[in-house]
Amino acid sequence: MSGRDWQSDDDQQPQTRADYRRKQAEAGREFEERDRKRVAVERKYARDHPTPDAPDDTPGESPATPLTQSELKTQRLKRRLNWAIAWLALGIIAVFLILRFVEF
């Protein structure tokens, strides 16, 4: 067993920091190029194959769709949880004030 078992067989010489940085920079550039190509292909596909439920890009216009039963329940639950958090925060403040100013 040699002392360099942890290194791969294709690297016969240890790399310098500059070599490692160059290799990492090249890998980063290759990734950026692949990502740019992927985004371009996805945009072209989205232009060529529009979906009927996709929102239009017109700003300021939102479709006035009625809320479903589950959405109404979710909104109600959010409102109730926000009130519960507010009451708990007030309770914590009240307990802190009591402990601070009341002598036991």
Side-chain angles (χ1 to χ4, degrees):
M1 282 187 143
S2 68
R4 294 181 12 167
D5 288 338
W6 55 272
Q7 288 182 337
S8 64
D9 291 335
D10 58 352
D11 293 333
Q12 297 299 325
Q13 296 291 329
Q15 292 182 348
T16 63
R17 288 183 184 176
D19 291 338
Y20 177 77
R21 288 183 184 137
R22 274 193 294 275
K23 190 181 277 188
Q24 290 296 86
E26 179 63 29
R29 283 191 296 273
E30 289 173 0
F31 172 78
E32 291 296 326
E33 183 63 28
R34 284 192 314 269
D35 193 50
R36 241 189 318 274
K37 288 179 183 177
R38 179 190 57 81
V39 169
V41 168
E42 287 176 355
R43 285 185 181 155
K44 182 180 182 305
Y45 182 85
R47 271 194 312 272
D48 295 343
H49 301 87
T51 57
D53 60 334
D56 293 336
D57 289 339
T58 55
E61 294 183 23
S62 63
T65 58
L67 298 176
T68 64
Q69 189 69 19
S70 64
E71 290 171 338
L72 290 173
K73 286 183 180 180
T74 303
Q75 284 184 350
R76 182 172 174 234
L77 181 62
K78 285 180 185 179
R79 189 169 41 250
R80 293 180 77 189
L81 286 173
N82 285 337
W83 277 106
I85 291 169
W87 284 111
L88 286 172
L90 287 174
I92 290 171
I93 291 170
V95 167
F96 171 75
L97 291 174
I98 290 170
L99 292 174
R100 175 81 171 133
F101 295 112
V102 174
E103 298 288 329
F104 288 107

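A salt bridge (Lys or Arg N to Asp or Glu O under 4.0 Å) check over residues 42-52, counting only residues at least two apart or in different chains, returns the pairs R38-E42, K44-D48. The stretch residues 24-34 participates, sequence neighbours left out, in these salt bridge (Lys or Arg N to Asp or Glu O under 4.0 Å) pairs: E26-R29, E33-R36.
Among residues two or more places apart in sequence or in another chain, the salt bridge (charged side-chain N to carboxylate O under 4.0 Å, His left out) test is passed with R21 by none. The side-chain contact (heavy atoms from CB on, under 4.5 Å) check on A40 picks up nothing, with sequence neighbours excluded.
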Quick one: side chains of residues 72-98, donor-acceptor pairs under 3.5 Å with protein atoms, not counting sequence neighbours, listed by atom name and distance.
residue	atom	partner	partner atom	Å
T74	OG1	S70	O	2.8
N82	ND2	K78	O	3.3

